[in-house]
Protein chains: 2
Amino acid sequence: MENKREIFHVLTRRFGLLDKNCCAVGNFEISIVQSHILYEIDKQFEPSMQQIAESLAMDITTFSRQIQSLVKMELVKKAPAPQDKRVSILSLSAQGKFVAASIDHSMNAYLEEVFSHMNEFERETVIRSLKLLNEAMSKSSVCCKPLY
Amino acid sequence: MENKREIFHVLTRRFGLLDKNCCAVGNFEISIVQSHILYEIDKQFEPSMQQIAESLAMDITTFSRQIQSLVKMELVKKAPAPQDKRVSILSLSAQGKFVAASIDHSMNAYLEEVFSHMNEFERETVIRSLKLLNEAMSKSSVCCKPLY
DNA sequence: TATTTTATTTGCATATTGCAAGTATTATTT
DNA sequence: AAATAATACTTGCAATATGCAAATAAAATA
């Protein structure tokens with residue numbers, strides 16, 4: 001039996017570091033959390049505050065403030081939903097889309113670099129495994145809210 | 001070609017959530033960062049401040065303050081190194097060891113639960129893949145300091 | 001219409017972060 | 001040996017992030 005905790009401990013730290021490579025796009029300095037928010041808004045269709053906050057398993061009050069920052073930076077737009085004025089629909093501005101695309105591009109480049117240290121067979125196995133792991137985690141009771 | 005960013009985005013978030021399940025041991029409330037610190041101190045042999053901070057790729061000033069907290073909680077002990085009085089050697093107190101062991105236990109239980117959603121073959125493949133990924137990341141130039 | 005529920009925001013109070021500058025000790029240079 | 005530089009760590013900010021409790025405002029329900 002492996003020591004899974006050790007593996008995860010290291011991996012978690014490394015993911016955190018990899019994630020830090022995200023966040024300088026031209027003049028914009030963005031935090032990791034903010035990059036995750038941009039990513040989710042881009043991914044979802046006309047999402048509300050709640051939806052994104054829940055997808056990222058963030059506290060809604062913290063999230064609210066992060067959105068305020070991103071709106072101030074003119075990366076995110078917030079519009080009241082026509083059918084329900086309590087709800088705010090989030091979207092990326094043109095700038096926001098540009099920033100999100102830049103981050104996506106560089107993150108993928110970093111990941112390609114990481115995977116370049118494997119052969120083709122390993123690459124495929126690892127990718128397949130990560131998908132399996134994601135599925136298992138989504139089924140798990142102890143972990144992990146973001147539903148997808 | 002897969003969208004690796006998507007896979008990593010989700011995985012990173014989930015790891016973060018899983019990690020949050022770490023930190024309540026009896027009366028102690030510990031942060032995620034602090035649980036990582038306890039883990040590393042336990043793992044290494046008579047480590048200095050620098051060594052642990054570097055293993056976790058933490059800023060030394062932030063680390064210094066975290067250690068102060070852990071010392072105040074009586075989970076960590078700090079002793080000047082005999083050969084070099086500038087250096088502080090870190091160790092876990094009895095309580096610290098207990099807390100670290102408790103966290104280790106519950107994290108492993110959580111991980112077992114996650115892996116219970118796979119069959120034996122998948123489990124082995126995934127574990128092997130995570131090790132491969134760790135190795136690749138350690139070779140990477142864009143990522144990821146903790147050396148091991 | 002009155003009450004409850006839902007979506008989001010604000011008020012705190014606390015914790016975390018990292019840069020710049022400081023202290024103390026050891027190593028190197030002259 | 002004295003002066004200088006390098007190292008290990010700590011402290012002073014100042015900015016940012018966090019989350020609970022309470023507030024607001026708009027539906028939904030009674």
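Here is the naming used below: chain letters follow the sequence lines, and residue numbers restart at 1 for every chain.
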Report summary line: Rounded to whole Å, the NE2-P distance (H36(B) to dT17(C)) equals 12 Å
Query - Residues E46(B) and S91(B): side-chain donor-acceptor under 3.5 angstrom - result: no
Requested in this report: Provide, to the nearest angstrom, the distance between the CD atom belonging to Q68(B) and the P atom belonging to dA15(C).
Outcome: 14 Å
Requested in this report: Check for a donor-acceptor pair, side chain of Q66(B) on one end and backbone N or O of F63(B) on the other, with a separation under 3.5 Å.
Outcome: no
Query - Position toward the 5' end of DNA chain D (nearest nucleotide), Q34(A) or T61(A) - result: Q34(A)
**Report entry** Side-chain H-bond candidate by donor/acceptor type, E74(A) with S93(A), under 3.5 Å
**Finding:** no
**Report entry** L70(A) CG - dT16(D) P separation (whole Å)
**Finding:** 13 Å
N/O donor to acceptor pairs below 3.5 angstrom from side-chain atoms of residues 126-133 of chain A, sequence neighbours left out:
{"unit_1": "S129(A)", "atom_1": "OG", "unit_2": "T125(A)", "atom_2": "O", "d": "2.9"}
{"unit_1": "S129(A)", "atom_1": "OG", "unit_2": "S129(B)", "atom_2": "OG", "d": "2.7"}
{"unit_1": "K131(A)", "atom_1": "NZ", "unit_2": "E2(B)", "atom_2": "OE1", "d": "2.8"}

Requested in this report: For the pair R13(A) (side chain) and L56(B) (backbone), establish whether a donor and an acceptor sit closer than 3.5 Å, ignoring hydrogens and angles.
Outcome: yes
**Report entry** F63(B) CZ to dA15(C) C1', straight-line distance once rounded to whole Å
**Finding:** 17 Å
Report task. Measure from the side chain of Q50(B), starting at C-beta and using heavy atoms only, and say which of dG19(D), dC9(D), dT10(D) lies closest. Result -> dC9(D)
Report task. Would you tell me whether E40(A) and H9(B) have side-chain atoms, one donor and one acceptor, within less than 3.5 Å of each other? Result -> yes
Query - Distance in angstrom units between R65(B) CZ and dT17(C) C1', rounded - result: 8 Å
**Report entry** Per Q66(A) side chain, nearest of listed nucleotides dG12(D), dG19(D), dT18(D)
**Finding:** dT18(D)
Report task. Would you kindly give the CD-to-P distance between E29(A) and dC19(C), to the nearest whole Å? Result -> 11 Å
Query raised in the report: Any side-chain N or O of K20(B) under 4.0 Å from OP1/OP2 of dT18(D)?
Result: no
Query - K85(B) atom NZ: more than 12 heavy-atom contacts under 6.0 Å - result: no
Query raised in the report: dT9(C) P sits how many Å from M58(A) CE, rounded?
Result: 12 Å
Query - Whole angstrom value for the distance that separates P of dT16(D) from CG of D59(B) - result: 17 Å
Report task. Between I60(B) and T62(A), name the one whose nearest nucleotide on DNA chain D is closer to the 5' end. Result -> I60(B)
Report task. Kindly point out which of dT9(C), dT8(C), dT11(D) is positioned nearest to the side chain of S64(A)? Result -> dT9(C)
Report task. Remember a base hit wins even if backbone is also touched, and classify S31(A) as base, sugar-phosphate or nothing at under 4.0 Å, heavy atoms. Result -> sugar-phosphate
Query raised in the report: Counting only non-hydrogen atoms, which of residues 71-90 of chain A are less than 4.0 Å from DNA chain C?
Result: K78(A), R86(A), V87(A), S88(A)
